[in-house]
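A short write-up of the structure that comes next.
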Number of protein chains: 2
Amino acid sequence: MLSERHLEVVLAIVYEYIKTGEPVGSRTISRKFLKDRSAATIRNEMSDLEVMEYLYQPHTSAGRIPTPKAYRLYVDAIMRRQRSFPADSDGWLRELRARRRDAEEALGYATRLLGKITNYIGVAALGPVEETVLQRVEFIRMGHRTALILLVLKGGLIHHKTVVLPCDMTQENLDELSGRVSTVAVGRPWGDVRDTLQAYVEDALERYADNCRTAIREMDGILTEQPFQFFTGGTHNVLGMPDFNDLGRLQAIMGLLEEDESIGKLVQGCSAEKGLCITIGDENPVFQMRDCSIVMASATTGGRRAIVGLIGPVRMDYERSISVLEGILGTLSDNGESEEGGR
Amino acid sequence: MLSERHLEVVLAIVYEYIKTGEPVGSRTISRKFLKDRSAATIRNEMSDLEVMEYLYQPHTSAGRIPTPKAYRLYVDAIMRRQRSFPADSDGWLRELRARRRDAEEALGYATRLLGKITNYIGVAALGPVEETVLQRVEFIRMGHRTALILLVLKGGLIHHKTVVLPCDMTQENLDELSGRVSTVAVGRPWGDVRDTLQAYVEDALERYADNCRTAIREMDGILTEQPFQFFTGGTHNVLGMPDFNDLGRLQAIMGLLEEDESIGKLVQGCSAEKGLCITIGDENPVFQMRDCSIVMASATTGGRRAIVGLIGPVRMDYERSISVLEGILGTLSDNGESEEGGR
DNA sequence: CTTAGCACTCCACAACCGAGAGTGCTAATA
DNA sequence: TATTAGCACTCTCGGTTGTGGAGTGCTAAG
């Protein structure tokens, strides 16, 4: 198995390779990290590590490059360490805090910020509100047989949708309808009242039964579907990187980041577990991203689950990425001020 | 000046260069376009065109490449021609039409669609509503001293903003306030009623004067600022293109497309004049876009001014781009069905 | 177990060369 | 006078060759 020194060597190689991007030779390790051992000794270790699939050589007589397996080792190691905020992003964090009121705007800004600070790609997914409690319901007549459904949720989130009703209604009728719906539905979780409401309108409002059914169906659609929203920022950052010199692959990646479903797939691994989550290279569910790693974490902002992350090359600076992400996340999340690791 | 044949030659060169991307030689022109003239004759013309700055050579003994000046000539020429819809995008247009109800969603989809069909970058800017007529005003209490301002405009556009008031108010007070504001402001252009409203609340509601002033100020902010919204789609399309082999420049371009102001600058040239508008290479106001051309046009969708465009390399297929853009725009714009050129 | 020494491998880079495409010029032609 | 054929010249592109350097694997000695 892995001896203590094997571990030292492989971690050193990952560290060095992340910094330089060049295959790492035995001399380098001997000179910079394990000063009391000669290059030849290191070479033997490296040879072992190669058969264990922690390293590989692009060709004989080149240095070694870490495999995803080695990165995993490295990442697990630094996850145990304590980190501190990067100092340079303080001003931006203030700016971010100012936008925290609107979750969508905040996440949009956060992704751009992540991109700017780290030079990787920032991504975010904003989930539905944790508990959907209606605060206000309005039906507004827009034209013949079309009405605007307007729902204000507790917490200030607003949903609206223009719908076509089976038959025309005056604004007065609609007001009456929204009044009745309000008395039943406002202040309680939607899940609890939906069926009650259904029964109630069937019973009391048989005059507009069709319209009511449509309206409630639409409301239910709005409130239970509540799709994730996705954000990206700084996609252009990875353009110059030597790790992405294959433009075809890079194009595939950029293409994915324009589709909501793909981003959804990427972050879904994180949605389960709490806290930081890192997928390296081909660990992640979309094969086009095999050259990328994703560092992500979840938070609650404005009562909604959010996943914020960074996409970079497998050879990304995980340590710094984690720090920055935690900084952003701390600022973003509902339990306010810096709450972890801080300086 | 430009003789008839000079023109023929330069147009042929642009046409051929757009198709192949290779410098065009005199033989090619003689063989494919001006069959009754020899290569030597064409060479003389080309020499003239070079001193007139319509063409240039990347090096001696290469063919000629058109300058922006030549592209301008070419574009002006094809603008005069009648075009027909590209047949292949019919299914997508139907899809687009289905989303026309919500201008924002429609434009988002339109840019992605443009990207997909043309393999260039789709952009769009959505302006403010032409006439801001309030249909409904609500103030909703969210917490101590914070309230949600909810404005429904004629046409179905919704604005909302959470504001902090100078002093706390009950929901009843807020309802009264919104009732009063509604009676004055609903159904008339905001510009006409703002001052009336101001005077009225000062007069009749001196009890909440501070709050009213804040509320009206915020409303005015929402309704008069009404910033443009911007959309992009298919940014990854240009990645493989040989015209953008300088990754540094490409990165600058992609960076710009993430900033709203930059896109604003790019489309502002179009906002003035009606109809189609093409900027070629360094004609456009942002120097980083000197390798790009933009084909754009404006429309009205959902009562709002929209500018939709395509960004491609200077060597883009203008003819096809224009066709596609017109197709999209026709589907998108308020006066409904295909209204120009169409098959 | 560790290390110095050495032969070997392979890449990266530069120099070189020839083929091909296209031009400019000149002199002949209609 | 406008057009064209012919020809020498230039420049790029692709392939080949050669060299320096970095790094390895192996062996034998400490």
Side-chain angles (χ1 to χ4, degrees), chain A residues 1-10 12-17 19-67 70 242-243 245-246, chain B residues 1-10 12-17 19-67 70 242-243 245-246:
Chain A
M1 267 319 305
L2 273 185
S3 74
E4 179 65 26
R5 203 164 62 212
H6 278 135
L7 191 64
E8 281 183 66
V9 170
V10 70
I13 290 178
V14 175
Y15 179 86
E16 188 67 11
Y17 185 68
K19 229 172 39 181
T20 65
E22 303 284 310
V24 187
S26 51
R27 281 186 65 88
T28 315
I29 299 300
S30 157
R31 223 177 325 126
K32 292 203 197 170
F33 299 93
L34 292 155
K35 299 200 179 79
D36 46 352
R37 296 289 92 144
S38 80
T41 311
I42 308 291
R43 268 206 289 284
N44 289 327
E45 313 276 337
M46 284 165 104
S47 188
D48 296 347
L49 287 166
E50 185 156 10
V51 304
M52 288 191 276
E53 305 207 290
Y54 285 102
L55 301 176
Y56 73 94
Q57 291 178 282
H59 54 84
T60 22
S61 96
R64 302 305 210 287
I65 292 177
T67 65
D243 312 75
N245 53 10
D246 182 333
Chain B
M1 265 323 301
L2 274 184
S3 75
E4 180 64 26
R5 203 165 60 214
H6 278 134
L7 192 63
E8 281 182 66
V9 170
V10 71
I13 290 178
V14 175
Y15 179 85
E16 187 67 12
Y17 185 68
K19 230 175 35 185
T20 65
E22 304 283 309
V24 185
S26 53
R27 278 187 66 88
T28 315
I29 299 299
S30 157
R31 222 176 327 128
K32 292 203 197 170
F33 300 92
L34 292 156
K35 299 200 179 78
D36 48 351
R37 293 291 94 138
S38 81
T41 312
I42 308 293
R43 271 206 286 286
N44 289 329
E45 312 277 336
M46 285 165 105
S47 188
D48 295 347
L49 287 165
E50 185 156 11
V51 304
M52 289 191 274
E53 306 206 289
Y54 286 101
L55 303 176
Y56 73 94
Q57 291 178 283
H59 53 84
T60 21
S61 94
R64 302 305 211 285
I65 293 178
T67 64
D243 314 74
N245 52 11
D246 183 334

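In what follows, chains are A, B, ... by sequence order, proteins preceding strands, each numbered from 1.
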Would you check if [X] and [Y] make a side-chain contact, meaning some heavy-atom pair closer than 4.5 Å?
X	Y	value
I13(B)	Y54(B)	no
R37(A)	E45(A)	no
R64(A)	L49(A)	no
E16(B)	F33(B)	yes

Gap separating the [atom1] atom of [X] from the [atom2] atom of [Y], nearest 0.5 angstrom:
X	Y	atom1	atom2	answer
E8(B)	I29(B)	CD	CD1	11.0 Å
S38(B)	R31(B)	OG	CZ	13.0 Å
D48(A)	H6(A)	CG	NE2	3.5 Å

Self-check item: Y17(B) to P23(B) - nearest heavy-atom pair and separation
Solution: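 Closest pair (atom of Y17(B), atom of P23(B), distance): CE1-N, 4.0 Å.
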Quiz item: Can any side-chain N or O of S26(A) pair as donor or acceptor with the backbone N or O of I42(A) at less than 3.5 Å?
Solution: no
Quiz item: In degrees, rounded to 10°, what is the bend between the two ends of the helix from dC1(C)-dG30(D) to dA30(C)-dT1(D), using five pairs at each?
Solution: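 For the helix from dC1(C)-dG30(D) to dA30(C)-dT1(D), the axes at either end differ by 20°.
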Quiz prompt | N or O in side chain of T60(B) less than 4.0 angstrom from dT23(C) OP1/OP2 | solution =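 T60(B) to dT23(C) OP1/OP2: no side-chain N or O under 4.0 Å.
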Quiz item: Relative to the 5' end of DNA chain D, which residue comes earlier, A62(A) or R5(B), by the nucleotide with the nearest heavy atom?
Solution: R5(B)
Quiz item: Of the residues in residues 34-59 of chain B, which ones touch DNA chain C at a heavy-atom distance under 4.0 Å?
Solution: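 Listed by number, they are R43(B), M46(B), Q57(B).
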Quiz item: What do you reckon, is CD of E53(A) surrounded by more than 12 foreign heavy atoms closer than 6.0 Å?
Solution: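 Not buried by this count: 12 neighbours or fewer within 6.0 Å.
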Exercise. Give me the residues of residues 21-31 of chain B where at least one heavy atom lies under 4.0 Å from an atom of DNA chain D, by number, or none.
Key: none
Quiz prompt | Whole-Å distance separating the CD1 atom of I65(A) from the P atom of dA22(D) | solution =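 For the pair I65(A) CD1 and dA22(D) P, the rounded distance is 17 Å.
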Practice problem: Write down the distance between CZ (R64(A)) and P (dC11(C)), rounded to a whole number of angstrom. | Solution: 15 Å
